[in-house]
There are 2 protein chains.
Amino acid sequence: MKRQTTLKDVAKAAGVHVSTASRALDPKNRHLITPEAVQRILDVSQQLGYRHNAAAAALRTARSRMIGVVVPDIANPIFPPIIRGIEDSLAQIGYLAIIGNTDNDPVREKSLALKLQERGVDGFILASVELQDDTVAKLAEDGIPIVTVNRRSSNENVSSVVHDDDEGIRRVLTHLASLGHRRIANIAGPQRLSTGADRYAAFERHRKALGLAEEVDLVTFAKGYTESEGERCVEELLVRRQDFSAIVCANDRLAIGAIESLARRGIKCPQGHFDYRLQRYADGRSPETAPDDDPDRTIQHRVPSRRAVDEDDRQRRG
Amino acid sequence: MKRQTTLKDVAKAAGVHVSTASRALDPKNRHLITPEAVQRILDVSQQLGYRHNAAAAALRTARSRMIGVVVPDIANPIFPPIIRGIEDSLAQIGYLAIIGNTDNDPVREKSLALKLQERGVDGFILASVELQDDTVAKLAEDGIPIVTVNRRSSNENVSSVVHDDDEGIRRVLTHLASLGHRRIANIAGPQRLSTGADRYAAFERHRKALGLAEEVDLVTFAKGYTESEGERCVEELLVRRQDFSAIVCANDRLAIGAIESLARRGIKCPQGHFDYRLQRYADGRSPETAPDDDPDRTIQHRVPSRRAVDEDDRQRRG
DNA sequence: CTGAAAGCGCTAACAT
DNA sequence: ATGTTAGCGCTTTCAG
């Protein structure tokens, strides 16, 4: 690996000072240099195969143009499309996403955040947060920009982009009610996660609003979003009672586990889930998907930006 | 964001020189320093919340401890587990993976590789390569370490980790032959990709070896690994002839497209694919999976390491 | 519009 | 065993 061409090499070859070369190569500062010089420098840098040294720039400017993206597990299929979107958006503005996995372990999340900070990331996008999250607290304290995705933090100073869980659960319950279901069980998610808490709260709210049966033992709580927890929760519900006709699961993995478990007991759900799968496969779409508006609805919780806050401060002081 | 604690701060607080602090903090050089000094420096750095500045170290050492990982599309479900494995393995040795997507576009691959080089990655793992790949050629020329995964490059100097496609196809054909199939069609993958070329070659080889029908028009080539190409290829096969009883598809997405297309025409495959799916689902495993050894077999094509090559050179010259 | 100069934080000869 | 020294390649005041 031969020595890299540096700015100095380019400058010398173009007969200018390094600082001039630096400015010419930076679109933001190009206007400071005469067009002819810019052209010459561009040509020379092309010719010599000059490549910007990001580490040097990062050291000098204290900005890396990298964003840390922290997810529980990239192999969980809900994340790759999210990550892809993040990467593509960041790439457009010259930023790079650095992905890390936590396996939902707060200890790993913390050490990962530290590693990424050492790498100099300019900010974090966190998909792994719990409502009360030490790492978020620490990072926020450091003043490093954070946005959470998919899950909220309870920290009021952290922005987030999440689904409209209340509306989603409302639609699910409304749909089930319209099919005639009156006793609807709920396999709720972990309550330390915003998705668990929000969907459970929405379930209670809309169950009431729709005048459905409100027995406490129709609700059970999963300890994690896993298929095996879905199975366990179904068993638990069935031990308690047998008179519900539908189950709302807090997420897909719980639902998969629930369906497996029901199938093993010979309980068809819904209307025999194999028929359901068959029809879905043949049609290319679910027979139960109501034609509805805005299926991808998300909510953005925005916190005033740092700059805005600083200006507020300044005005207050001024 | 308050100013970071630097090595200098730690050194001053511990009453030693920066270089001493640097050595004490580096496990590899710790032994050079007296245990008491190490302890003191460790304590102080902890106390001050010192964080290693990776950009500065990278600039100084010209090694970033980052590896560029280039895949066609992280949202394609075959890649996340591969990436996860790469990330975990790299993390163990203090390295970081940086993921990039190419969408199978050689132009994007090239510009991505450049960006990652500017970021100073120490090497590349490429899952996106074609047999003849400009980017691989350029990178190899630069002398930057490369390994390809999932696909081979035709470049003899590049190591790769790939499936044993020949053995895989052999098992598929042997299995189909044992079920009585004699006219077996093949939806082959793109021949510019090693997976396409290798699986097609294996198909021809083992079809011959097993004494199966060898008509040319039983083979059709997909232009890409997509479901729609799978559909198109089935249509093409059916236009040509109707007397084959099985199809070997070069990958899963082609197979999905093929099955869709067959289903639309009312052709059951295999023995009615819905039955197949149903049974698979109920059992938790495919009824056609023969109990076989080593299901995850991969092949590693190793190229002598740079060091080894250098030593060879030296010996030859010496 | 361009040049000079300083220094980001770290590591690694080299010297003691 | 520790300190001295010299940059890595870049950006950015400050001068001219």
Side-chain angles (χ1 to χ4, degrees), chain A residues 1-42 44-45 48-66 94 117-122, chain B residues 1-42 44-45 48-66 94 117-122:
Chain A
M1 223 174 334
K2 53 208 161 198
R3 195 182 131 280
Q4 271 298 316
T5 310
T6 78
L7 246 196
K8 206 156 79 179
D9 301 328
V10 172
K12 193 184 300 179
V16 295
H17 195 264
V18 272
S19 61
T20 309
S22 173
R23 288 188 267 251
L25 258 18
D26 178 1
K28 250 187 76 184
N29 290 122
R30 241 207 268 304
H31 67 276
L32 297 170
I33 311 294
T34 51
E36 305 83 59
V38 169
Q39 198 46 249
R40 191 153 29 95
I41 292 164
L42 253 35
V44 168
S45 85
L48 300 185
Y50 169 73
R51 284 199 288 264
H52 185 82
N53 183 324
L59 175 57
R60 172 67 230 237
T61 61
R63 325 190 88 266
S64 64
R65 309 202 128 242
M66 300 189 302
Q117 273 192 291
E118 294 192 336
R119 297 287 184 170
V121 297
D122 295 339
Chain B
M1 223 173 337
K2 53 207 162 201
R3 194 183 131 282
Q4 271 299 315
T5 310
T6 77
L7 205 49
K8 205 156 82 180
D9 301 328
V10 173
K12 194 184 300 180
V16 295
H17 194 266
V18 270
S19 61
T20 310
S22 173
R23 290 188 265 251
L25 258 18
D26 178 1
K28 249 186 78 183
N29 290 122
R30 241 208 265 305
H31 68 277
L32 297 169
I33 311 293
T34 52
E36 305 83 59
V38 169
Q39 198 46 249
R40 192 154 26 94
I41 292 165
L42 252 35
V44 168
S45 85
L48 300 184
Y50 168 74
R51 283 199 289 263
H52 183 82
N53 182 323
L59 175 58
R60 173 64 229 235
T61 61
R63 326 191 86 266
S64 64
R65 309 203 127 242
M66 300 190 301
Q117 273 191 293
E118 294 192 336
R119 297 289 184 169
V121 295
D122 295 339

Quiz item: A:T34 side chain N/O closer than 4.0 Å to the phosphate oxygens (OP1, OP2) of C:dT2?
Solution: yes
Practice problem: Evaluate the criterion side-chain contact (heavy atoms from CB on, under 4.5 Å) for residue pair A:D9 and A:T6; output intermediate values, then yes/no. | Solution: CA-CA 5 Å; A:D9 301 328; A:T6 78; 3.5 Å; yes
Quiz item: Which listed nucleotide (C:dA5, D:dC10, C:dG9) is nearest to the side chain of A:S19?
Solution: C:dA5
Exercise. In whole angstrom, give the distance that lies between atom CG of A:L59 and atom C1' of D:dG7.
Key: 12 Å
Quiz item: Going from CE on B:M66 to CG on B:D122, what distance comes out if it is rounded to the nearest 0.5 angstrom?
Solution: 7.5 Å
Self-check item: D:dG9 base / A:R51 side chain donor-acceptor hit below 3.5 Å
Solution: no
Quiz item: Can you check the A:K12 NZ to C:dA4 P distance for me, whole Å?
Solution: 14 Å
Practice problem: Between A:A55 and B:R40, name the one whose nearest nucleotide on DNA chain D is closer to the 5' end. | Solution: B:R40
Quiz item: Quick one: is B:T61 getting a side-chain N or O under 4.0 Å of the C:dT11 phosphate, OP1 or OP2?
Solution: no
Quiz item: Would you say a side-chain N or O of B:H17 is under 4.0 Å from OP1 or OP2 of D:dT4?
Solution: yes
Self-check item: Separation of atom CZ in A:R65 from atom P in D:dC10, rounded to whole Å
Solution: 16 Å
Exercise. Looking at every strand, decide which applies to A:I33 at a 4.0 Å heavy-atom threshold: base, sugar-phosphate, or nothing.
Key: sugar-phosphate
Quiz item: CD of B:E118 to CZ of A:R65: how many Å apart, nearest 0.5 Å?
Solution: 11.5 Å
Quiz item: What's the NZ-P distance between B:K8 and D:dG3, to the nearest Å?
Solution: 15 Å
Quiz item: Which nucleotide in the list C:dT2, D:dT2, C:dC10 gets nearest to the side chain of B:L32?
Solution: D:dT2
Self-check item: N/O donor-acceptor pair, side chain B:R23 with base D:dG3, under 3.5 angstrom
Solution: yes
Quiz prompt | From C:dT11, D:dC10, D:dT2, nucleotide with atom closest to B:A37 side chain | solution = D:dT2
Quiz item: How long is the line joining CZ of B:R30 and C1' of C:dT11, in whole Å?
Solution: 16 Å
Self-check item: Between C:dA12 (P) and B:K28 (NZ): distance, integer Å
Solution: 8 Å
Quiz item: Would A:V18 and A:K12 satisfy side-chain contact (heavy atoms from CB on, under 4.5 Å), going step by step from the backbone distance to the final call?
Solution: CA-CA 8 Å; A:V18 272; A:K12 193 184 300 179; over 6 Å; no
Quiz item: Taking atom C1' of C:dC10 as reference, at what distance in whole Å does atom CG of B:D26 sit?
Solution: 12 Å
Quiz item: Could you give the CD-to-P distance, from A:E118 to C:dC8, as a whole number of Å?
Solution: 20 Å
Quiz prompt | Below 4.0 Å: OP1/OP2 of D:dC10 and any side-chain N or O of A:S22 | solution = no
Side chains of residues 25-35 of chain A: which donor-acceptor pairs under 3.5 Å do they make with residues two or more places apart or in other chains?
{"from": "A:D26", "atom 1": "OD1", "to": "A:K28", "atom 2": "N", "distance (Å)": "2.9"}
{"from": "A:R30", "atom 1": "NH1", "to": "A:A24", "atom 2": "O", "distance (Å)": "2.6"}
{"from": "A:H31", "atom 1": "ND1", "to": "A:K28", "atom 2": "O", "distance (Å)": "3.3"}

